[in-house]
Amino acid sequence: MRRSAAVLCGAAAVVAGSLTAVPAEAGTPRAAEPFPVARAAWKPCGTDDYPALQCASVEVPLDHADPAGRRITLALSRIPHTAEKYQGPLLVNPGGPGGSGLTLAGFVASSLPRQVAAQYDVIGFDPRGVGASEPALDCVPGHFGHVRPDTVPTTPEVEQANLARVRSFAEACGRKYAGLLPHIDTAGAVRDMDVIRRALGAQKINYFGYSYGTYLGAVYAKLFPERVRRLVLDSVVDPTEVWYDANLNQDHAFNERHRAFMAWVARHDSAYRLGTDPEKVEAEWYAMRAALKEKPAGGKVGAAELEDTYIPGGYYNGYWPYLAQAFSAYVNDRDAEPLIEAFENFGAVDAAGDNGYSIYTAVECRDASWPDDWRQWRKDNWEAYERAPFMTWNNAWYNAPCAFWPTGHLRPERIRNSKLPPALLFQATHDAATPYQGAATVHRLLDRSSLVVESGGGNHGITLSGNACLDRHLAAYLADGTVPRGGHGEADAVCAPLPDPKPLTSKAAPTTARGSTLHGLLGFRG
């Protein structure tokens with residue numbers, strides 16, 4: 001579902017505590033630390049799914065250039081190590097920007113082989129401004145309330161309605177968080193991670209990030225290479241396209257994934273009765289969109305909301321049976337209830353989603369420059385729409401507050417790095433949210449990195465989702481640092497993708513439900 005992970009843990013007070021630190025690597029110098037940090041004090045906060053979960057919090061400077069100034073609080077979670085062999089903390093991040101990482105610690109620890117997970121303290125965290133961290137941003141509660149204007153600006157009136165909406169969002173953020181927004185960015189989050197390292201009593205960290213979390217990890221590795229022990233990046237952001245070009249390239253990739261979904265529906269015509277020709281099935285989908293533009297289903301699902309509902313299908317094929325079922329019911333049976341249910345499950349934005357979107361815009365708008373002339377946006381997005389109509393304008397408006405953002409812009413960090421131990425990268429060749437070229441670029445920029453490719457796969461966030469081949473490489477790396485080397489062209493190892501899902505025979509969860517758990521944690525937009 002398009003949401004952030006549920007917040008499981010309240011903030012615990014940061015007091016002096018104790019933690020068995022991983023032994024320092026031989027010859028590792030102990031660099032001077034810039035200011036004192038209290039050890040994390042862990043308290044039980046277990047859930048039915050993750051009973052061993054513990055929670056804590058850590059204070060960090062709002063402005064790392066002024067460590068004596070205002071402090072903010074980050075929420076942490078932990079599944080502690082249980083093995084005699086201890087390999088240190090493994091920080092995990094689900095992406096976003098704006099994704100909560102508290103539940104991800106439990107997911108990763110329970111999904112890795114038990115003997116591997118037992119050697120790490122798996123550490124989740126809510127980055128600055130996110131979830132249980134304080135203060136948590138929510139610029140405009142209910143910003144994604146329905147029914148929104150049509151995303152495709154076919155008339156000046158529709159364009160102006162969308163422009164007014166995104167401009168008001170940016171202005172509201174500026175009014176509400178004037179003192180915070182200049183410090184909500186990737187660089188600040190990266191420096192927070194190093195404070196977390198210190199609160200854990202560790203000389204080095206291990207890191208495992210998905211999606212935007214790969215950029216967060218790569219920037220941490222650039223700024224603190226001597227602090228990195230192991231680095232895993234899954235579904236890799238292209239650091240040379242941060243962020244305007246990356247979003248335009250996503251439009252084409254998501255259009256291809258949507259067409260792949262249409263082809264899957266056509267192959268299963270006996271279940272969905274929408275035709276065997278993918279082009280005609282796609283025409284039916286756009287006809288459904290046009291009908292919902294005129295008469296939203298249940299007063300909730302208009303054209304914009306329909307796009308929000310089907311965009312998750314570009315992230316994870318496991319959603320296809322549910323989306324196809326709703327599509328078929330609407331077209332063939334004039335029954336909108338399954339579509340409304342799909343919207344509520346996959347497309348609707350709750351309070352956690354409002355927080356996630358506020359951080360998403362704050363980070364992306366601050367991280368890099370964006371065109372401030374709307375005519376440039378109009379030109380670029382109409383050009384993309386001609387070849388990729390599915391998501392282009394929806395994505396444009398999602399990011400358009402950056403045209404009016406009230407802070408200045410930073411320059412993206414150049415992540416080229418020759419000082420790291422071998423890093424391990426994972427990428428599906430048809431990933432839409434982070435297209436393949438990003439992984440190929442990072443593979444070149446990180447010396448000694450190794451790239452494992454899921455050839456023909458289209459899912460986003462591919463490890464720990466049921467692909468045994470990928471997970472063997474991940475487990476071997478975390479166990480003893482083993483990485484595959486060469487023999488497959490640009491990739492160092494190639495895995496086959498998971499098979500496409502089957503049509504539903506009931507509303508029971510599919511066999512790939514574990515994968516959908518991860519994709520719920522990832523949130524959407526990367």
Side-chain angles (χ1 to χ4, degrees), residues 1-4 142-152 162 250-251 253-262 264-265 272 274 281-350 352-354 356-357 360 388-398 432-433 458-460 501 503-504 507 509-510 512 515-516 519-520 522-526:
M1 286 146 244
R2 185 176 161 192
R3 59 181 174 79
S4 299
H143 178 69
F144 288 96
H146 38 264
V147 172
R148 306 197 309 275
D150 184 17
T151 58
V152 183
N162 279 294
Q250 274 189 339
D251 298 335
F254 269 99
N255 200 73
E256 290 305 308
R257 293 308 301 152
H258 187 63
R259 289 175 64 84
F261 169 51
M262 297 293 102
W264 180 86
V265 172
Y272 301 117
L274 289 162
V281 174
E282 186 175 13
E284 288 279 12
W285 192 90
Y286 282 102
M288 176 173 67
R289 185 192 187 284
L292 292 167
K293 174 184 173 182
E294 298 301 320
K295 186 180 179 180
K300 292 182 178 181
V301 185
E305 291 76 22
L306 181 75
E307 291 166 347
D308 293 347
T309 303
Y310 281 79
I311 284 170
Y315 285 85
Y316 177 54
N317 297 357
Y319 296 132
W320 286 1
Y322 300 94
L323 297 174
Q325 189 177 63
F327 180 15
S328 174
Y330 183 87
V331 171
N332 292 313
D333 305 324
R334 301 297 183 260
D335 181 3
E337 288 306 313
L339 184 63
I340 295 168
E341 182 180 3
F343 166 67
E344 291 171 346
N345 286 335
F346 304 142
V349 176
D350 59 11
D354 284 337
Y357 180 66
Y360 174 93
F390 167 59
M391 180 175 126
T392 293
W393 277 107
N394 186 298
N395 203 24
W397 298 119
Y398 196 86
N459 290 330
H460 179 68
L504 292 177
K507 288 201 172 185
T512 51
S516 63
H519 290 82
L522 286 176
F524 296 114
R525 305 287 182 172

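Index from 1, following the sequence.
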Would you name the heavy atoms of E305 and T309 that are closest together and state the gap between them?
O-OG1, 2.8 Å

Is the backbone N or O of Y398 less than 3.5 Å from a side-chain atom of Y357, with the two atoms forming a donor-acceptor pair by type?
yes

Quick one: list whatever passes side chain to side chain donor-acceptor pair (under 3.5 Å) with N459, sequence neighbours left out.
none

If I take atom OH from residue Y310 and atom CG from residue L339, how far apart are they, to the nearest 0.5 angstrom?
5.5 Å

Tell me, please, which residues at least two apart from W264 pass side chain to side chain donor-acceptor pair (under 3.5 Å).
H268

Please report, to 0.1 Å, the donor-acceptor pairs under 3.5 Å made by any side chain of residues 282-292, with sequence neighbours excluded.
from : atom 1 : to   : atom 2 : distance (Å)
E282 : OE1    : R259 : NH1    : 2.7
Y286 : OH     : F390 : N      : 3.3
R289 : NE     : E307 : OE2    : 3.0
R289 : NH1    : D150 : OD1    : 3.4
R289 : NH2    : D150 : OD1    : 2.6
R289 : NH2    : T151 : OG1    : 3.2
R289 : NH2    : E307 : OE2    : 2.9

Going from CZ on R148 to CG on N162, what distance comes out if it is rounded to the nearest 0.5 angstrom?
8.5 Å

For D333, what residues pass the salt bridge (charged side-chain N to carboxylate O under 4.0 Å, His left out) criterion, not counting sequence neighbours?
R273

Exercise: identify the closest heavy-atom pair between I311 and N394:
CD1-OD1, 3.8 Å

Roughly how far, to the nearest 0.5 Å, is CE of M262 from CH2 of W320?
9.0 Å

Side chains of Y272 and V331 in contact at under 4.5 Å (non-hydrogen atoms):
no

Looking only at heavy atoms, what is the nearest atom pair of D335 and P338, with distance?
OD1-CD, 3.4 Å

What closest approach, in Å, do V265 and A324 show between heavy atoms, and which atom pair accounts for it?
CG2-CB, 3.9 Å

What's the spacing between D251 CG and E256 CD if we round to 0.5 Å?
12.0 Å

If the condition is side chain to side chain donor-acceptor pair (under 3.5 Å), which residues does N332 pass it with, not counting sequence neighbours?
S328

For the residue pair N255 and T392, establish whether any side-chain heavy-atom pair is separated by less than 4.5 Å.
no

Do you know the tightest heavy-atom contact between L504 and P321?
CG-CB, 3.5 Å

Hits for ring-ring contact (aromatic ring centres under 6.0 Å, His included) against H146, two or more places apart or cross-chain, chain-then-number order -> F343

Do F346 and L323 touch side chain to side chain, with heavy atoms closer than 4.5 Å?
yes

Shortest non-hydrogen contact between Q250 and A432, atoms and distance
CG-O, 3.8 Å

